[in-house]
Amino acid sequence: MQKGIEKVLVSEEEIKEICKRLGEQISKDYAGKKLLLVSVLKGAVVFMADIMRNITCDCEIDFMAVSSYSGTKTTGVVKFKKDLDINPEGCDILLVEDILDSGITLSYLRGVLIDRHAASIKVCAFLDKPANRQADIKADYVGKVIPDEFVVGYGLDYNEKYRNLPFVGVLSPEVYSNK
Ligand code: IMP
Ligand code: MG
């Protein structure tokens with residue numbers, strides 16, 4: 001097992017199956033619409049790269065960057081760090097997220113996009129950690145519901161490390177317990 005990883009939670013094989021399933025569903029639901037995939041940097045880039053290649057209807061992609069985390073804890077305050085390049089007005093937006101945890105990040109972004117007159121806004125989250133939800137938001141497409149554990153890999157980080165793991169694993173508590 002990789003150093004610092006307690007166990008594998010989502011294997012590479014399961015990730016493939018999830019992306020195929022969600023891609024098929026999204027392709028059906030958005031056929032003929034003006035689909036704009038909006039990914040939240042940096043954690044969701046790996047999932048974005050996989051999900052977009054499983055979508056067969058026309059779509060565009062764009063990125064936003066926000067931050068609300070310090071180590072393994074959400075600060076509850078969302079900071080806007082990079083805006084969209086494409087004007088979202090009239091677009092059917094699908095927010096592509098690595099993980100829906102407290103929901104504070106996505107509910108903030110949803111608010112921003114509503115103000116900019118997006119035609120519709122839905123959420124596609126690779127992982128859903130419902131135990132810690134604080135904002136009133138749910139994902140319309142979910143890869144996998146997971147327990148309340150801090151996970152890394154497949155884009156998800158701990159202090160910018162582990163994003164390159166090809167699977168999702170649970171971080172060993174000793175990695176962050178002494179910090
Ligand atoms: P939320 O605003 O609490 O829903 O958090 C959303 C963001 O926090 C995610 O997009 C991740 O970047 C980060 N995050 C939440 N839980 C985890 C985790 O278990 N591991 C790594 N990052 C996480
Ligand atoms: Mg993220």
Side-chain angles (χ1 to χ4, degrees), residues 1-12 14-15 18-19 22 36-52 61-84 93-115 121-179:
M1 181 65 61
Q2 179 104 11
K3 195 167 165 275
I5 304 298
E6 202 169 68
K7 65 170 187 246
V8 175
L9 205 61
V10 196
S11 68
E12 286 189 72
E14 190 176 359
I15 289 172
I18 288 170
C19 292
L22 294 180
L36 174 60
L37 300 172
V38 172
S39 167
V40 187
L41 294 171
K42 301 172 200 169
V45 291
V46 185
F47 178 46
M48 175 70 137
D50 281 345
I51 198 76
M52 64 191 273
I61 68 164
D62 205 350
F63 297 90
M64 283 174 138
V66 295
S67 81
S68 63
Y69 270 69
S70 170
T72 62
K73 298 266 179 302
T74 179
T75 59
V77 180
V78 182
K79 275 191 282 183
F80 216 107
K81 295 164 94 182
K82 185 216 170 289
D83 203 347
L84 295 174
I93 294 183
L94 186 58
L95 284 165
V96 174
E97 253 288 41
D98 48 2
I99 185 166
L100 183 54
D101 185 24
S102 72
I104 292 169
T105 312
L106 278 186
S107 83
Y108 172 79
L109 292 180
R110 186 179 56 182
V112 168
L113 294 168
I114 288 170
D115 288 349
I121 304 165
K122 283 189 177 181
V123 173
C124 175
F126 178 68
L127 299 174
D128 187 5
K129 224 198 278 185
N132 191 30
R133 195 78 83 250
Q134 291 171 44
D136 180 22
I137 191 155
K138 66 170 190 48
D140 302 279
Y141 305 91
V142 176
K144 187 169 181 158
V145 178
I146 63 163
D148 192 14
E149 288 180 294
F150 196 80
V151 294
V152 292
Y154 195 60
L156 291 150
D157 73 308
Y158 171 65
N159 285 345
E160 298 299 330
K161 299 274 182 350
Y162 303 101
R163 292 193 198 275
N164 55 320
L165 295 179
F167 56 86
V168 176
V170 176
L171 192 64
S172 309
E174 59 258 32
V175 175
Y176 54 84
S177 57
N178 297 324
K179 298 278 154 69

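Indexing begins at 1, ligand by ligand and atom by atom, following the structure's order. In this chain, numbering begins with 1 at the start of the sequence shown.
- With a 4.0 Å cut-off on non-hydrogen atoms, Ile99 touches ligand 1 through its backbone as well as its side chain.
- Under a 4.0 angstrom heavy-atom cut-off, Glu149 registers as being in contact with ligand 1.
- Within ligand 1, counting atoms from 1 as listed, the ones closer than 4.0 Å to a heavy atom of Asp157 are 21 (C).
- When heavy-atom distances to ligand 1 are checked against a 4.0 Å cut-off, Leu106 has no atom that comes that close, whether in backbone or side chain.
- Within the set Leu41, Asn159, Asp101, Val40, the minimum heavy-atom distance to atom 16 (N) of ligand 1 is found for Asp101.
- Ligand 1 has at least one atom lying under 4.0 Å from a heavy atom of Ser102.
- Contact annotation: Val151 has at least one heavy atom less than 4.0 Å from an atom of ligand 1.
- Geometrically, ligand 1 and Gly103 share a nitrogen or oxygen pair separated by less than 3.5 Å.
- Using a 30° and 60° split on the angle between ring planes, Phe150 and Tyr176 fall in the perpendicular class, above 60°.
- When heavy-atom distances to ligand 1 are checked against a 4.0 Å cut-off, Asp98 comes that close only through its side chain, counted from C-beta outward.
- Under a 4.0 Å heavy-atom criterion, Gln134 is not in contact with ligand 1.
- For the residues Thr105, Ile137, Val152, Ile146, the heavy atom positioned nearest atom 6 (C) of ligand 1 is part of Thr105.
- Within the 4.0 Å heavy-atom criterion, the part of Glu97 lying near ligand 1 is the side chain and not the backbone.
- When atom types are taken as modelled, the side chain of Asp140 and the backbone of Val123 share a donor-acceptor pair closer than 3.5 angstrom.
- Between Phe126 and Phe47, the ring-plane angle classifies as tilted under the 30° and 60° cut-offs.
- Distances from ligand 1 to the non-hydrogen atoms of Leu127 include no value under 4.0 Å.
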